Structures are given as C-alpha cells and as structure tokens.
Engineer: 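Mind looking over this structure? Questions follow.
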Number of protein chains: 2
Amino acid sequence: MDDLAAIFKALSEPNRIRILKMLEIRPLCVCEITAVLDLAVSTVSKHLSILKACGLIYDVCENKWVIYHLNRRPGSKYVREISQLLKNWLADSEIVAADRRKVNRVDRNMLCRK
Amino acid sequence: MDDLAAIFKALSEPNRIRILKMLEIRPLCVCEITAVLDLAVSTVSKHLSILKACGLIYDVCENKWVIYHLNRRPGSKYVREISQLLKNWLADSEIVAADRRKVNRVDRNMLCRK
DNA sequence: CTTTCATTTCGATAACTAACGAAATGTGCG
DNA sequence: CGCACATTTCGTTAGTTATCGAAATGAAAG
C-alpha cells in the first residue's frame, strides 16, 4: 500500500513525468536533463533519486557521467503496469513534444566540455 | 499533463487509496468512511473532494446523506485505465481487507441516528 | 596526486498538504 | 418556520516538498 502510494507520489510531479517521457527517447545524463528542463542541477538530481527509489528508472556510471535509463523490466508489478500505461500516454502533449525535440538536439559532450 | 499529475497526486495518499478500495464494496456516505478510517469528518470530506475533483468518484445526495460512488465510467482515459489497474491491486493488503470487513459491519442508520 | 568537472548532499526558504476543531451550509422533518 | 444533523468550509498548525546555491563527493585525466 505504502509502496504503491510512493509510486503515485513519484509520478505526481509534472517535471518527473517529463523526465520519464524524455527517457523514452534515449538514456540521458543529469546535465542533459537539466538543460531540457531548465532547472537547477541539484533539483534534477533530487527528482531522479525519487524516480530511482521506486524503480521507475536506474542509473549507470559511464565515463564521467551518470546515465539514467528507463527501467523496462521493473521488479514491481505496480511499476511495470503503470509504466506501460504512461508509455502510451501524453503522445499529444505539447510540452512532451518540445522536450523530445530538445533531447534530440542536446549532446552531453557539448554541454559539459567548457 | 497537469491533469495526469493531479490524478497521480490524488492517488499518492494511502487514506485516499483506502477509500477507493472501500468503495469497490459498495457506495458509502461520509460518516461510514469516517468510521472506518478513524479520522476527523472534515479530513475525510477533504479527501473525498480531491478524489471527486479528478473524476475517480462521484457523489449523489440521498435523504440526508451524501453517498459517494466509485466512478465506473470515467470520462478521462487516464482515470479509466488507472482505476482498472487499481481494482486488480491490493487484494492481498491486510489494511484493505480489514477496512472491507469494517465496511460490511458499518451502517449509516446506526452511525448517525443518536 | 592534484586538478577538473559531473553529480550528489546539505542547508535554507517558500509553497503546499494533511490533520484537527469550530463555524457555516444545507437538507429533511416535526 | 425552526430544529436536527450530515456534510462542507474555514482557520490553524505541523509536517512535507520543490527549489536554489554552496559545499561535499567521486571519478577521470593530466
């Protein structure tokens, strides 16, 4: 019950939904997500930790980046079934479409090498 | 997007999930739900207004009671599909089982006539 | 082994939420 | 009409959350 409520809570924040919809395009590092959402890095990191804590996403260290992936084989049946619904939703959302265009333009090598 | 987030937020509160699972048994008035959850009436009324605002439940005035019903034909596809999942979940939850036993014992005529 | 830099953690603040009791609302009955 | 009573609204309080910038962490590269 509390597990389930925690999953719903994770999904109750529009910025976190945007992150999940972005990750459907491709795995992303923190700085790429930050660039798309236009929030402070620490804020994005916190959102990611919440999504990760309930199993919606997972992360992999790669070179100097932490790459976040959509979890396509979740252990929890709640996560599995809700993720499946979410994948089919918001295809017509203008915000999601705009985020995805930005995802295609953004490149961690450009963003982070100063 | 914000609609969807609002639905997830409504579902992110354990007491509100309990209310939805109770309403699967039968429609209930505010005082019956209050008796089962053991919260202040005003708190329960607020939870019900949140569930109603996003279309998960609806209410009907009947005599001196306001009877809340699970919305089994939601207009929103989000509500429809999430409700369907929720109906199949938490069957094994001890809290839900206990609430449902209480629902079967509770009677608005006994509760409210003093 | 020190510098660089992506990320996380910390500390602070403002906004929001759940909870309560009391007051207001509204409905049915005498 | 006016009373009884179920429900909602209001005002308050305590706890939580989203956000930021600064400091800490940790890993790769010179």
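Quantities reported herein were computed from a predicted structural model and do not represent experimental measurements. The sequence lines fix the lettering, A, B, ..., with proteins before strands; numbering per chain opens at 1. Atom set for the values below is all heavy atoms of this structure, side chains included, hydrogens, waters and symmetry mates excluded.
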Engineer: How long is the line joining CZ of A:Arg108 and C1' of D:dA27, in whole Å?
Structural biologist: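 Rounding to the nearest Å, CZ of A:Arg108 and C1' of D:dA27 are 16 Å apart.
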Engineer: Please tabulate the protein-to-nucleotide N/O contacts below 3.5 Å involving nucleotides 16-22 of chain D, giving atom names and distances.
Structural biologist:
{"unit_1": "D:dA18", "atom_1": "OP1", "unit_2": "A:Arg16", "atom_2": "NH1", "d": "3.3"}
{"unit_1": "D:dA18", "atom_1": "OP1", "unit_2": "A:Arg16", "atom_2": "NH2", "d": "2.9"}
{"unit_1": "D:dT19", "atom_1": "OP1", "unit_2": "A:Asn15", "atom_2": "ND2", "d": "2.9"}
{"unit_1": "D:dT19", "atom_1": "OP2", "unit_2": "A:His47", "atom_2": "NE2", "d": "2.4"}
{"unit_1": "D:dC20", "atom_1": "OP2", "unit_2": "A:Ala40", "atom_2": "N", "d": "2.7"}
{"unit_1": "D:dC20", "atom_1": "OP2", "unit_2": "A:Thr43", "atom_2": "OG1", "d": "2.8"}
{"unit_1": "D:dG21", "atom_1": "N7", "unit_2": "A:Ser42", "atom_2": "OG", "d": "3.3"}
{"unit_1": "D:dG21", "atom_1": "O6", "unit_2": "A:Ser42", "atom_2": "OG", "d": "3.0"}

Engineer: From CG of A:Asn109 over to P of D:dA29, roughly how many Å is that when rounded to an integer?
Structural biologist: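 Rounded to the whole Å, the gap is 12 Å.
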Engineer: Between A:Lys52 and A:Asp59, is the closest basic N to carboxylate O distance under 4.0 Å?
Structural biologist: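 Yes, this pair counts.
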Engineer: Can you check the B:Ile67 CD1 to D:dT8 P distance for me, whole Å?
Structural biologist: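 From B:Ile67 CD1 to D:dT8 P: 11 Å.
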Engineer: Do NZ/NE/NH1/NH2 and the carboxylate oxygens of A:Glu24 and A:Arg100 come within less than 4.0 Å?
Structural biologist: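 Yes, charged N to carboxylate O under 4.0 Å.
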Engineer: Is it true that a side-chain atom of A:Ser45 and a backbone atom of A:Val41 form a donor plus acceptor pair closer than 3.5 Å?
Structural biologist: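 Answer holds: no.
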Engineer: Could you state the atom-to-atom distance from CG of A:Asp2 to P of C:dA18 in whole Å?
Structural biologist: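 From A:Asp2 CG to C:dA18 P: 14 Å.
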Engineer: Give the B/S/- string for nucleotides 23-30 of chain C, one per nucleotide from 5' to 3', where a protein heavy atom under 4.0 Å of the base yields B, of only the sugar-phosphate yields S, and otherwise -.
Structural biologist: -----S--
Engineer: Rounded to whole angstrom units, what separation is found between the CD1 atom of A:Ile33 and the C1' atom of C:dT8?
Structural biologist: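 So the two atoms are 14 Å apart, to the nearest Å.
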Engineer: Using 30° and 60° as the class boundaries, would you call the ring planes of A:Tyr58 and A:His69 parallel, tilted or perpendicular?
Structural biologist: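 A:Tyr58 and A:His69: parallel rings.
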Engineer: Output yes when A:Glu13 and A:Lys46 qualify as a salt bridge under the 4.0 Å nitrogen-oxygen rule, no when they do not.
Structural biologist: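 No, this pair does not count.
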Engineer: Strictly below 4.0 Å: does B:Tyr68 bring a side-chain N or O up to OP1 or OP2 of D:dA6?
Structural biologist: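 Answer no for this pair, as no side-chain N or O of B:Tyr68 is under 4.0 Å from OP1 or OP2.
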Engineer: Is there a donor-acceptor contact under 3.5 Å from the side chain of A:Arg16 to the main chain of A:His47?
Structural biologist: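 No.
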Engineer: To the nearest Å, give me how far apart CG (B:Leu48) and P (D:dT8) are.
Structural biologist: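 To the nearest whole Å, that distance equals 7 Å.
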Engineer: With the threshold set at 4.0 Å, does a side-chain nitrogen-carboxylate oxygen contact exist between B:Glu94 and B:Arg101?
Structural biologist: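 B:Arg101 and B:Glu94: salt-bridged.
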Engineer: State whether the side chain of A:Ser12 and the backbone N or O of A:Lys9 hold a donor-acceptor pair below 3.5 Å, judged by distance alone.
Structural biologist: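 Present.
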